Peer 1: 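Below is one structure. I have some questions about it.
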Amino acid sequence: MPESTQARPSSRVLPHELPASLREAGLDNWIREPLDDAVDRRRRIIMPPAVATTGTPLSACKGAVLAEARHPDTVFMMGDNPALPTMPERPVLKDFFLLRFGPISRTHLLQSARVARENGLDEKVIMACLLHDIAIAGLLSANHGYWGAQIVAPYVDEEVCWAIEKHEALRYFPDESVGYTYPEAYINYFGPDYRPPDYIRREHEAARQHRWYMTSRLITINDIYSFDPDVVVDFDEFEDVVGRNFRQPAEGLGFDGSPVAHMWRTMIWPNNFL
Ligand SMILES: [Fe+2]
Ligand SMILES: [Fe+2]
């Protein structure tokens, strides 16, 4: 198994072969030339998902993308995207880390888990750190704590799941009694005047009263806000923790019929049209 997400050779359709509307929207990157191993050697189009385009000029281009798909020998992307490494039939958590998550997210999660372990924290906390930004890594950034908690809910302890969900709110609020200050990185990301919305404030207040507060707070303390993709942490460092704290389904993640199986399948085939 490759140790990183390696895009296989693929090529864009030459921009002059596309309508001007698609070229101007930068959509030439979403349309792939037929590859040697592509189904029927057809041109395959990736329709950018609504969450990636709403509020951007790309949202006006869906009609042009649909029109492009009516050309002969052109279909929408469904199933394996040849530009991505193929996932095994019964994927396990490690496969998502190595074959789907990009180097920055992967390193961020592994580094956070390593710091938690070096700090001598409980395995539940190490597991929560390893998974805390899994939604950003493979699915969606907005509301990532909530998405991430849902994705892993059937497979981890309820406390781990709760901690992942609540880190979404807790990371905005200092707790000096345990040495957590507002992250410098957030001043850069959001500006010095950013104020979290009221629902996040309420979530934070409620979480502070909860018996598992410190589990979630420890995610924010061990969160690494400086992303260094050159730091290499091997997933196998956590094989033991994962083995004891993540209930891997025999059918593979995405195929166990759980209420969240579709979320794992979306990470396996992120470019499916429908
Ligand atoms: Fe996070
Ligand atoms: Fe994080």
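Both counts, for ligands and for their atoms, begin at 1 and track the order of listing. Here the structure is a predicted model, which means the values were calculated and not measured.
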Peer 1: Suppose we only allow N, O or S atoms; which atom of His108 ends up nearest to the Fe ion (ligand 2)?
Peer 2: NE2
Peer 1: Which is the closest N/O/S atom of Asp133 when seen from the Fe ion (ligand 2)?
Peer 2: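 Relative to the Fe ion (ligand 2), the closest nitrogen, oxygen or sulfur of Asp133 carries the name OD2.
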Peer 1: Please report whether the ring centroid of Phe96 lies less than 6.0 Å from that of Trp264.
Peer 2: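 Under 6.0 Å, so yes.
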Peer 1: Could you grab the distance from atom CG of Asp223 to atom CD of Gln111, nearest 0.5 Å is fine?
Peer 2: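 The CG atom of Asp223 sits 10.5 Å away from the CD atom of Gln111.
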Peer 1: Going from OG on Ser112 to CG on Leu130, what distance comes out if it is rounded to the nearest 0.5 angstrom?
Peer 2: 9.0 Å
Peer 1: Could you identify the N, O or S atom of Asp223 positioned closest to the Fe ion (ligand 2)?
Peer 2: OD1
Peer 1: Tell me if the aromatic rings of Tyr186 and Tyr172 count as close, with their centers under 6.0 Å from one another.
Peer 2: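 Yes; Tyr172 has its ring centre under 6.0 Å from that of Tyr186.
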Peer 1: For a distance under 2.8 Å, tell me if His132 has an N/O/S atom near the Fe ion (ligand 1).
Peer 2: no
Peer 1: Let me check your reading of the structure: within less than 2.8 Å of the Fe ion (ligand 2), is there an N/O/S atom from His167?
Peer 2: no
Peer 1: Would you tell me whether Asn222 and Asn119 have side-chain atoms, one donor and one acceptor, within less than 3.5 Å of each other?
Peer 2: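 Present: a donor and an acceptor within the cut-off.
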